[in-house]
Protein chains: 2
Amino acid sequence: MKKQLIQARTLSGFRDILPIDSIAKEDMISKLKSAFRSFGFVPIETPHLEYSEILVGKGSDEIQKEMYRFFDHGNRDIALRFDHTIPLARFVVEHKDKLAFPFKRYVVGNVFRGERAQAGRFREFTQCDFDFIGTKSILADTEIIQLVSSSLNSLGITDFTIFINHRKILNGLAEHLGVSEKLEDILRIVDKIGKIGAEQVRNLLGNELGLSEKICEEILDFINLKQDKGEPDFFEKIDKYKGYNPRMKEGIEELKEIYSLLSEISDESHYIIDFSIARGLAYYTGVVFETILNEIPQIGSVSSGGRYDNLTKSFSEEQYPGVGGSIGLDRLIVALEQLGKVHSKGTTANVLLTNMGDSLIKPALILAKGLREAGISIEIYPEAGKLGKQFKYADKKGHKFVVVLGEDEVKNENFTLKNMQTGEQITIKNLENLLFELKKI
Amino acid sequence: MKKQLIQARTLSGFRDILPIDSIAKEDMISKLKSAFRSFGFVPIETPHLEYSEILVGKGSDEIQKEMYRFFDHGNRDIALRFDHTIPLARFVVEHKDKLAFPFKRYVVGNVFRGERAQAGRFREFTQCDFDFIGTKSILADTEIIQLVSSSLNSLGITDFTIFINHRKILNGLAEHLGVSEKLEDILRIVDKIGKIGAEQVRNLLGNELGLSEKICEEILDFINLKQDKGEPDFFEKIDKYKGYNPRMKEGIEELKEIYSLLSEISDESHYIIDFSIARGLAYYTGVVFETILNEIPQIGSVSSGGRYDNLTKSFSEEQYPGVGGSIGLDRLIVALEQLGKVHSKGTTANVLLTNMGDSLIKPALILAKGLREAGISIEIYPEAGKLGKQFKYADKKGHKFVVVLGEDEVKNENFTLKNMQTGEQITIKNLENLLFELKKI
């Protein structure tokens, strides 16, 4: 009887990452971590699973519905994390006595959301977060946004814009218009403006929230305010709104200070004040931002974040004010691929060493060991076989050089080196000369 | 009314990793990846979640019971991965047309097992796996074991022993004794010898499997065979067993070949042939190994693996023979900590820059940016405050240097540099000199 085979497939909405993409992703993560570390952010890890009560009620309604939640062997109600921010709040309260505050952490890890499957969206994806906990200093807000710039720069990305707003400004507006009790819904709807456009936002504000035409008009006019690239007198233009109320005044002044510091330390054309930036999540209380790659804006924000001063409130009476940002690595990789900026190969070793038969395995192992000790990454073709097949393998995977070690070479104590790009083939006399050639790579 | 607080706690059997350990872990992972890459292994990623049918029936009975298995939003029967080997088998079959074979992959990621909670054992832990798929070449077996040595060396670990056996030898023994049909149970019991001792193994073989006293005796005698460190004539001593049957002969000859190659390329005292090494998992078919740190053997194997030639058989008619190893990173870290070999700090930045007031934020940001561009990792203390408090913070986190930038320093265009280890404090005239001092770190 023939055995029934199980179909080898990934779960709907999930995916494998193949070598060529995985090598590119690892290299990007390594660069991002270096950027985070250069500012003194330290890594932490939290589990992928949490008690559901830790996660429930945080994040948007949509995210709540999408949570992977179930009962474990001990009948505990548990769930997979859907972001890194809520676990951070739990972490800070749980370990407060062991941490040095202000506390700056980064994390690179996967989060899970059971979104409706659609092209380019996955249910498991990698987020890189960096957060600054335990300070209300404007320096922290500034450094988080500066770090977004530095992170993108570290990946070779220079053509981007960070759109910045301040929740106190939006709060001040709602207060001025007498619609503060509907603030969360207003923010949720305004947050969609990039996807659905201004007209649809106006319709939703009117139809869904029952706001008057006049109020809708005023909201739309206000969130339409946006700095021109590098426009120096934008803050003079909006100075008049400070009179609305103290919230508005504070928001504008903080935003001005952050913008001024950012302009001082980096190219100010990267930053644009934009009053339509709302961020959907309820927990933001201060500066908020989103980041667009100018060449491919339609892909959406590749790095977002903001200040959240009450995030730990469900776990502690003490307040741990914070500000943080997040880089959506998967989305960023998709963008870079579309822009042709991912230059990856299918191999981590520049050199392939041939395998010309069992009697040559020993000298091959010894040669490979010597080259590795000199810092050369080298792979030995594992099976004795025709040279043509081995060259083809090297070509497919992207090895730059093939070192041929056959009977003749061993006897004459030399090596044949083939450059896979030029096709050029040379004979090299000893290990030192081989090393010299390979080090040129 | 006072709001009910949610207790900030991790799930039973799970844990957070705090900065000092997380920094150490990241540095170790980075070194391991370099070792894997130097042999031409390439990274891949598979999802944390799989269809349950992919995972069910593989791994030991114990692991099966410990699986985190549940139904998702679409009522799919899914589970968290409990190792990296089964997902690899699924991956290879699913993507066979896109991979270059022989295929060498590595992965660093977390796996989940709902084990009974006990000290030092966690339900989520990090495994680093490296596998060689699509070849039966003895070179692959040799390189996997060589890579265990190289990986440990890359972490500064030199005092270890890799105990090696071959499944064909154990199969040959069972065949010789006429107990082949009980092979899996025999292996499962023999695998426990390190934990429960030889006497208990003998009892279990007799009582649980109903083997005769004579057979138990022969099994015990045989698995007692173990090479002395570097013993050259061990293979002469066991030569007589080749006559048992072809299985035994093949096993001994392959093992001898692998041992001979390993001795040629590395310190042979790292390798000991030990017939009691069984590995619990049913899927092994050839060489098997375990690795003990000589200074702390009681912690168990820190790296194990072996050859599995039929792993993909439930997914495909085609055979993808493979051999691989796995490093239990969490266990390794615990061991190194106990040996006092983890030298980590609470910071990723060697330098802390003081914050002496809001008017000094701008020059601090500019200085920090300049130093970062010169390759110095530097953190700015985020809140203006007393110098003493900032020194204390630097001390707690392990910053080596504090750069003081006060009104005087800005006015006189100089810096005060404090060495936190010696307490020495010097005044430095310009940025170039400061860089010179900090580069000495």
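Hydrogens, waters and symmetry mates are skipped; everything else that's a heavy atom, side chains included, is used. Just so it is clear: chains get the letters A, B, ... in the order the sequence lines come, proteins before strands, and each one is counted from 1.
- With hydrogens and angles disregarded, a donor-acceptor distance shorter than 3.5 Å links the side chain of A/Y393 to the backbone of B/P102.
- When each of B/L80, B/T347, B/I361, B/L18 is checked for heavy-atom pairs under 4.5 Å with chain A, B/L18 comes out on top.
- Salt-bridge formation is not detected for the pair B/E124/A/R81: no Lys NZ or Arg NE/NH1/NH2 atom is positioned less than 4.0 Å from an Asp or Glu carboxylate oxygen.
- Looking at B/R105, there are no atoms closer than 4.5 Å to chain A (heavy atoms on both sides), in backbone or side chain.
- Residue B/L352 does not touch chain A at all, counting heavy-atom pairs closer than 4.5 Å.
- Side-chain atoms of B/N110 and B/F125, non-hydrogen and from C-beta on, never get closer than 4.5 Å to each other.
- Heavy-atom distances place both the backbone and the side chain of B/L49 under 4.5 Å from chain A.
- Only the backbone of A/F41 comes within contact range of chain B, with heavy atoms under 4.5 Å apart.
- With respect to the salt-bridge test (charged N to carboxylate O, under 4.0 angstrom), the residues B/K98 and A/D16 do not qualify.
- B/A79 is linked by a side-chain contact (heavy atoms from CB on, under 4.5 Å) to B/S52, B/L55, B/M67, B/R69, counting only residues two or more places apart in sequence or in another chain.
- The most heavy-atom pairs under 4.5 Å with chain B, out of A/R15, A/K397, A/H48, A/Q7, come from A/H48.
- Taking the six-membered ring where tryptophan is involved, the planes of A/F101 and A/F103 are perpendicular, since the angle between them exceeds 60° and thus also 30°.
- Of the two parts of A/H399, neither the backbone nor the side chain holds a non-hydrogen atom closer than 4.5 Å to a non-hydrogen atom of chain B.
- For the pair B/R76 and B/Y51, the cation does not sit on the ring face, since its NZ or CZ is not both under 6.0 Å from the ring centre and inside 45° of the axis.
- With a 4.5 angstrom heavy-atom cutoff, A/N355 touches chain B only via side-chain atoms.
- Only the side chain of B/T142 has a heavy atom closer than 4.5 Å to any heavy atom of chain A.
- For B/R372, the part lying under 4.5 angstrom from a heavy atom of chain A is the side chain only.
- The aromatic rings of B/F14 and B/F112 lie tilted to each other, with the angle between the two planes from 30° to 60°.
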For this session: Run the numbers on B/E143 and A/L365 for side-chain contact (heavy atoms from CB on, under 4.5 Å), then give the verdict.
Result: CA-CA 9 Å; B/E143 281 204 325; A/L365 279 167; 4.1 Å; yes

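- Heavy atoms closer than 4.5 Å to chain A are found in both the backbone and the side chain of B/F39.
- The candidate with the highest count of non-hydrogen atom pairs below 4.5 Å against chain A, out of B/I54, B/V93, B/D21, is B/I54.
- A distance of 11.5 Å separates CD in B/Q146 from CD in B/E264, rounded to the nearest 0.5 Å.
- When heavy atoms are compared at a cutoff of 4.5 Å, A/K362 approaches chain B by way of both its backbone and its side chain.
- Applying the ring pair (Phe, Tyr, Trp, His ring centres under 6.0 Å) rule to A/F36 yields the partners A/Y106, A/F130; only residues at least two apart in sequence or on another chain are considered.
- For a residue to count as touching a neighbouring chain, one of its non-hydrogen atoms must lie under 4.5 Å from one of that chain's; by this rule B/E257 does not touch chain A.
- Of the atoms belonging to B/K392, not a single heavy atom falls under 4.5 Å from chain A.
- Comparing A/A349, A/S38, A/A368, A/A100 by how many heavy-atom pairs each has under 4.5 Å with chain B, the most go to A/S38.
- Contacts between B/L99 and chain A at a heavy-atom distance below 4.5 Å involve backbone atoms as well as side-chain atoms.
- Of the listed residues (A/R37, A/K25, A/E379, A/K33), the greatest number of heavy-atom pairs within a distance under 4.5 Å of chain B belongs to A/R37.
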